[in-house]
There are 2 protein chains.
Amino acid sequence: MPRKPRKGDVAADEAVYGAIRRAMHMGRLTPGTKLQEPALARVLGVSRERVRKALHRLVHEGWLTAIPNRGTFVPSLTVEEMREIYDVRSMLEAAIVRRLSEGHTTAAAKRLKAHVAEEKAATRRDDRGRLFELSGEFHVLLAELCGNEELTRLLRGLLTRSTMHFSLAAPRQLTNCAGPHDHGDIAEAILGGRADRAAKLMLGHLAGLVTMQAARPPQHEPIDLPQAFRGIKARRPERD
Amino acid sequence: MPRKPRKGDVAADEAVYGAIRRAMHMGRLTPGTKLQEPALARVLGVSRERVRKALHRLVHEGWLTAIPNRGTFVPSLTVEEMREIYDVRSMLEAAIVRRLSEGHTTAAAKRLKAHVAEEKAATRRDDRGRLFELSGEFHVLLAELCGNEELTRLLRGLLTRSTMHFSLAAPRQLTNCAGPHDHGDIAEAILGGRADRAAKLMLGHLAGLVTMQAARPPQHEPIDLPQAFRGIKARRPERD
DNA sequence: CTCCAACAGGATGTGCACATTTCTTGACGT
DNA sequence: ACGTCAAGAAATGTGCACATCCTGTTGGAG
């Protein structure tokens, strides 16, 4: 047998972290909800310290907001914050597509084409869940193709915040991006070496997303914690 | 009176965090050094849990590297990592100066001029310490003038990582930037509305920094913890 | 009837002690 | 003499219990 999962396992931390993140992703937790540690520990079936650790991590990553001696809360997102995040993404991603347009390896071109093809396939199958994942990974992929791990990490964090806005504001709407249509055009411009066009398309793409989100008013349906985490519990870590 | 600082105070956490950060900033901690919790707790005069919390935060922010069941270590920085960080900075800061060149408020212009003047004054006084601070703040100031808090926070983190390279590789060399000369030229281009020139100057400025750092080989003088934290202890928080 | 203050209940924060893992030192066998 | 293994020690990770703080409530005074 591999190991005794009896006591402390590093996977347990990830499980709690992932459970909370998944609940937010599903829109179960509305902004302003207080995540009290004892209740979460009971619901998830783990010790309070483990919940505390996960909560601290989530606070540090910007998913939650902590007030000293008060507790941790699901943040109330303003349209201003969303605009700022997309503004930074515009700066970075415009530079990224410019750089890729000006030069990239054949392996990079191959990966890019493969990704666009997969997005189109998911669209044809009408696989909303898979398309949601792929849409987000497209932007991370572009960062990866630059060969800069720091850039990839940074953009991944920004994308996480972006999807948080989607999750909290419009969880039903499972669309991470306006659609694979834009992505295909951007990829085409990159492969064709048209830097200005690629940058322009990316800026328009991001602008379209921000307007799409700004139009949706957040829904307020406060529910209790046990109901929010129904069926989620602690599964496998599941990468970001 | 404000409050009883008798027991647990939020300032204590910041003090420990700042003490370790200051030790790294002074070059007291060489790459590869293991920061063991009991020793740090003894030296700083705080409980082990407080050291643990600060260490976890520093690890999460990228200052330290943690290995499960092994401890936390001062990372060995490669020139590749440094190149990546400056690459991301180039993308962001070029976009920043472009935006500022295309439009900024009179208040922004005033702050920018004041900062450049202060840098020149510090140079005249040959105040290396103050110039070191100002040089770093110049780049943060540009982000602030864009009116985007997310951007400011991100760039501040990037700058922190940049100075970490300086601190670990060449702590003696108290120069955060090539000099106020470049900053003055960049500010002039921004105020004059010359976006292309400002971006070009900024890229050249950052390129100059990366070559300056790459030329310095890291020095290896492993010293023990009590000696490294001599005279540092726990002072006031002191903002980043 | 309204407002203020003291009190009880509960949640967060922290120090402490123990379990587990890893590194070191020493001895044994080849 | 060198490599291997085992036992002790130290450091890390974790659960537990208590101290502190906040919040909602109740009682009384104006």
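From a predicted model like this one, the values you see are computed outputs, not experimental measurements. Naming convention: chains lettered A, B, ... in sequence-line order (proteins, then strands); numbering from 1 in each chain.
- Along DNA chain D, the nucleotide closest to K34(B) and the one closest to S47(A) are compared, and the more 5′ of them pairs with K34(B).
- For R50(A) against dG13(D), no side-chain N or O and base N or O form a donor-acceptor pair under 3.5 Å.
- Ranking dT21(C), dG13(C), dT14(C) by closeness to the N69(B) side chain, first place goes to dT21(C).
- By the salt bridge (Lys or Arg N to Asp or Glu O under 4.0 Å) test, E84(A) is found to be paired with no residue, residues two or more places apart in sequence or in another chain being considered.
- Using cut-offs of 30° and 60° for the angle between ring planes, the H183(B) and H139(B) rings count as perpendicular.
- For the pair F73(A) CZ and dT23(D) C1', the computed distance is 11 Å after rounding to whole Å.
- Distance, I67(B) CD1 to dT21(C) P: 17 Å, rounded to whole Å.
- The ring-ring contact (aromatic ring centres under 6.0 Å, His included) test applied to H56(B) returns no partner, not counting sequence neighbours.
- Judged by distance alone, with hydrogens and angles left aside, R48(B) brings a side-chain donor or acceptor within reach of the base of dG13(D), the pair sitting under 3.5 Å.
- For R52(B), the side-chain atoms get nearest to dT12(D) when compared with the rest of dT22(C), dA11(C), dT12(D).
- Distance H56(B) NE2 to dT12(D) C1': 9 Å, rounded to the nearest Å.
- For the pair R70(A) CZ and dT20(D) C1', the interatomic distance rounds to 15 Å; values are reported in whole Å.
- Nucleotide dA19(D) holds its C1' atom 15 Å from the CD atom of E49(B), rounded to whole Å.
- Rounding to whole angstrom units, CD of residue E37(A) and P of dC16(D) are separated by 15 Å.
- E49(A) and R52(A) are not joined by a salt bridge, as no carboxylate oxygen comes within less than 4.0 angstrom of a charged side-chain nitrogen.
- Remark: C1' of dA9(D) and CD of Q36(B) are 13 Å apart, rounded to the nearest angstrom.
- Dashed line: the shortest gap from a side-chain N or O of K53(B) to OP1 or OP2 of dT14(C) is under 4.0 Å.
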